There are 2 protein chains.
Amino acid sequence: MDKDKIDKKDHILDVAERVFSDMGFDGASTRMISGEAGVNMAMLNYYFGSKEGLFLAVFDRKISSFQDLLHNLGIDDTISSWAKVESYIDIYSNRVVNNNCFQKLLYQEMSINRRTDLSDKIHAMLMTSVLELYKMLQEGIDNGEFKADSDLQMVVATIYGTKNFMINTPLLASSMLGYDILDEKIIEEKLKPRLKKYLKTLLKSYLLNDNEHTN
Amino acid sequence: MDKDKIDKKDHILDVAERVFSDMGFDGASTRMISGEAGVNMAMLNYYFGSKEGLFLAVFDRKISSFQDLLHNLGIDDTISSWAKVESYIDIYSNRVVNNNCFQKLLYQEMSINRRTDLSDKIHAMLMTSVLELYKMLQEGIDNGEFKADSDLQMVVATIYGTKNFMINTPLLASSMLGYDILDEKIIEEKLKPRLKKYLKTLLKSYLLNDNEHTN
DNA sequence: CAAAATTAATCAATCGTTTGATTAATTTAA
DNA sequence: TTAAATTAATCAAACGATTGATTAATTTTG
């Protein structure tokens with residue numbers, strides 16, 4: 001039925017998302033994806049037109065939820081700028097970990113220099129997220145909550161970069177942290193809270209004016 | 001002669017390094033590399049055995065200088081732990097920027113889940129660098145210079161992650177920072193000093209005990 | 001039945017690699 | 001020193017395999 005068709009397309013997208021992020025766009029073959037998804041190879045083209053179409057479909061499926069996240073942030077004007085940043089870190093850390101294979105895919109393609117039409121799309125998507133965070137930080141400076149000489153753009157780079165280091169190089173991060181950060185349970189119980197606590201402590205002492213140190 | 005042969009192999013490696021980091025391992029074809037290098041396609045196999053052999057040769061050429069960097073660090077016991085970290089940031093920021101295309105290649109391959117023999121090699125190489133920095137930080141805690149509850153592994157992730165964000169997604173970083181960080185001159189005059197200053201300020205307030213705030 | 005979904009078979013193109021032949025450089029032999 | 005023998009470097013051409021994509025036939029569905 002219609003339901004089954006949507007489910008099947010969604011199933012293909014699930015598999016494609018994982019295979020793409022594991023092997024990269026070029027490393028992932030359509031036979032591999034269709035094989036793991038348990039569908040005929042021609043179905044990929046039937047549904048998505050082409051390999052690149054499938055790739056784009058994986059992205060399109062995520063974009064909406066991506067923008068939902070951003071919309072609900074920065075709305076509440078009753079809380080302090082630092083509280084906003086803290087909640088951004090919370091939400092972002094949660095997302096990151098639950099969508100790690102998509103996140104990986106995202107930055108993997110951003111680091112390739114060709115396929116400009118696609119990377120433009122990714123670029124725009126990421127910039128929306130980046131600017132939202134930046135705006136939040138700038139507000140903190142404007143209202144005197146944050147140090148005026150804070151390098152906000154670098155702060156953004158640190159939040160995204162620290163997260164990416166975990167997501168994009170999980171093997172390296174695992175042997176560094178001493179536990180397998182690909183394990184779902186460990187992610188939930190250890191990595192998430194640790195990442196949140198660390199980023200908050202790190203940025204608090206960097207951003208906040210000294211007279212604001214009221215914990 | 002012998003000189004020319006070495007130069008030619010080196011020239012191929014130069015080109016391969018750039019093409020690989022631009023297109024990824026799978027995206028870069030041997031025809032493309034040999035074409036840009038201006039040599040016959042068969043020469044790649046003649047010199048390096050295979051595409052993967054060429055890829056490994058690109059790495060091998062860099063490893064030695066990578067380890068030289070680490071060796072000269074942490075030797076001087078007369079300076080404080082924080083001074084060591086500062087000089088690590090300096091050296092690392094310099095390297096990073098000058099070898100950005102290799103650095104990109106490095107982390108690009110680390111984010112792919114297959115080719116385990118190769119990624120093992122990269123993994124080992126990076127871990128050496130990571131552990132050296134970590135040891136340095138741990139010393140700072142042991143001698144009471146750094147806060148005892150500092151999350152050192154996360155600090156490593158921040159240093160590497162912030163740098164990677166610049167190197168691996170230069171387009172995103174450029175439109176965020178407002179200038180083209182692929183431009184050699186801008187890298188030297190703006191990105192380098194900015195990255196150094198930021199990382200030092202950020203980590204200083206996070207790592208150092210308050211009674212050490214003498215600067 | 002007609003439309004949509006699914007399949008197996010096939011397509012041209014490109015992949016990394018290998019081949020046999022040719023040229024250039026070096027070494028050996030007389 | 002010269003000629004012969006050997007080695008190294010380079011090339012165009014072709015290899016089999018795999019790629020993404022398409023076709024035409026078949027099955028399923030409404």
Side-chain angles (χ1 to χ4, degrees), chain A residues 1-59 105 108-109 112-119, chain B residues 1-59 105 108-109 112-119:
Chain A
M1 301 285 191
D2 217 25
K3 190 73 164 299
D4 286 348
K5 175 186 162 190
I6 293 176
D7 284 350
K8 175 169 276 188
K9 286 181 82 168
D10 240 47
H11 171 63
I12 294 177
L13 288 175
D14 286 338
V15 173
E17 185 176 320
R18 182 173 46 77
V19 176
F20 273 137
S21 77
D22 277 347
M23 319 288 284
F25 179 82
D26 295 300
S29 73
T30 54
R31 282 170 177 80
M32 189 182 299
I33 295 173
S34 63
E36 286 205 36
V39 302
N40 189 279
M41 208 180 53
M43 297 307 293
L44 302 188
N45 295 26
Y46 182 72
Y47 280 137
F48 307 103
S50 67
K51 183 186 182 182
E52 180 155 329
L54 171 61
F55 195 73
L56 282 170
V58 171
F59 277 92
L105 182 52
Q108 220 169 73
E109 282 310 308
I112 307 274
N113 277 353
R114 86 214 121 88
R115 273 197 307 283
T116 52
D117 52 335
L118 174 59
S119 46
Chain B
M1 303 288 186
D2 218 23
K3 190 73 166 298
D4 287 348
K5 175 188 162 190
I6 294 176
D7 285 350
K8 175 167 277 187
K9 286 181 84 168
D10 241 49
H11 171 62
I12 294 177
L13 289 173
D14 286 338
V15 173
E17 185 176 321
R18 182 173 47 76
V19 176
F20 273 135
S21 77
D22 277 347
M23 320 287 285
F25 179 82
D26 295 300
S29 72
T30 54
R31 284 170 177 80
M32 191 181 300
I33 295 173
S34 62
E36 286 205 34
V39 301
N40 188 276
M41 214 174 43
M43 296 309 292
L44 301 189
N45 298 75
Y46 180 75
Y47 279 137
F48 307 103
S50 66
K51 183 185 183 183
E52 179 155 330
L54 171 61
F55 195 73
L56 282 169
V58 171
F59 278 91
L105 182 52
Q108 219 168 72
E109 282 309 306
I112 307 275
N113 278 353
R114 86 213 121 88
R115 271 199 305 284
T116 54
D117 52 335
L118 173 59
S119 45

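Proteins get letters first, then strands, A, B, ... in listed order; numbering begins at 1 in each. Quantities reported herein were computed from a predicted structural model and do not represent experimental measurements.
Atom CE of M32(B) is separated from atom P of dC15(C) by 7 Å (rounded to the nearest Å). Computed from coordinates, the L44(B) CG to dT19(C) C1' distance equals 16 Å when rounded to whole Å. When the P atom of dT19(D) is taken as reference, atom CZ of F25(A) falls 13 Å away, rounded to whole Å. Taking atom CZ of F48(B) as the reference point, atom P of dT18(C) lies 15 Å away to the nearest angstrom. Going from atom CG of L56(A) over to atom P of dG20(D) covers 15 Å, rounded to whole Å. Atom CG in D26(B) sits roughly 15 Å away from atom P in dT18(D) (whole-Å rounding). Rounded to a whole Å, the CD1 atom of I33(B) is 17 Å from the P atom of dT14(C). Going from atom NZ of K9(A) over to atom C1' of dA4(C) covers 13 Å, rounded to whole Å.
Among residues at least two apart or in separate chains, there is no salt bridge (charged side-chain N to carboxylate O under 4.0 Å, His left out) pair with a member in residues 39-48 of chain B.
Side chains of D14(B) and R18(B) form no contact here, defined as non-hydrogen atoms less than 4.5 Å apart. For the pair Y46(B)/N40(B), no side-chain contact is recorded, criterion being any heavy-atom separation below 4.5 Å from C-beta on.
Here the straight-line distance linking atom CZ of F48(A) with atom CG of L13(A) works out to 4.0 Å at 0.5 Å rounding.
An OP1 or OP2 oxygen of dA9(D) is reached within less than 4.0 angstrom by no side-chain nitrogen or oxygen of K8(B).
Remark: M41(A) engages T30(A), R31(A), S34(A) in a side chain to side chain contact (heavy atoms under 4.5 Å, CB included) (not counting sequence neighbours).
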List, with names and distances, any nitrogen or oxygen atoms from the protein found under 3.5 Å away from nitrogen or oxygen atoms belonging to nucleotides 21-25 of chain D.
from	atom 1	to	atom 2	distance (Å)
dA21(D)	OP2	K51(A)	N	2.7

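Cation-pi geometry between K51(B) and F20(B) is not met at under 6.0 angstrom from the ring centre and within 45 degrees of the axis.
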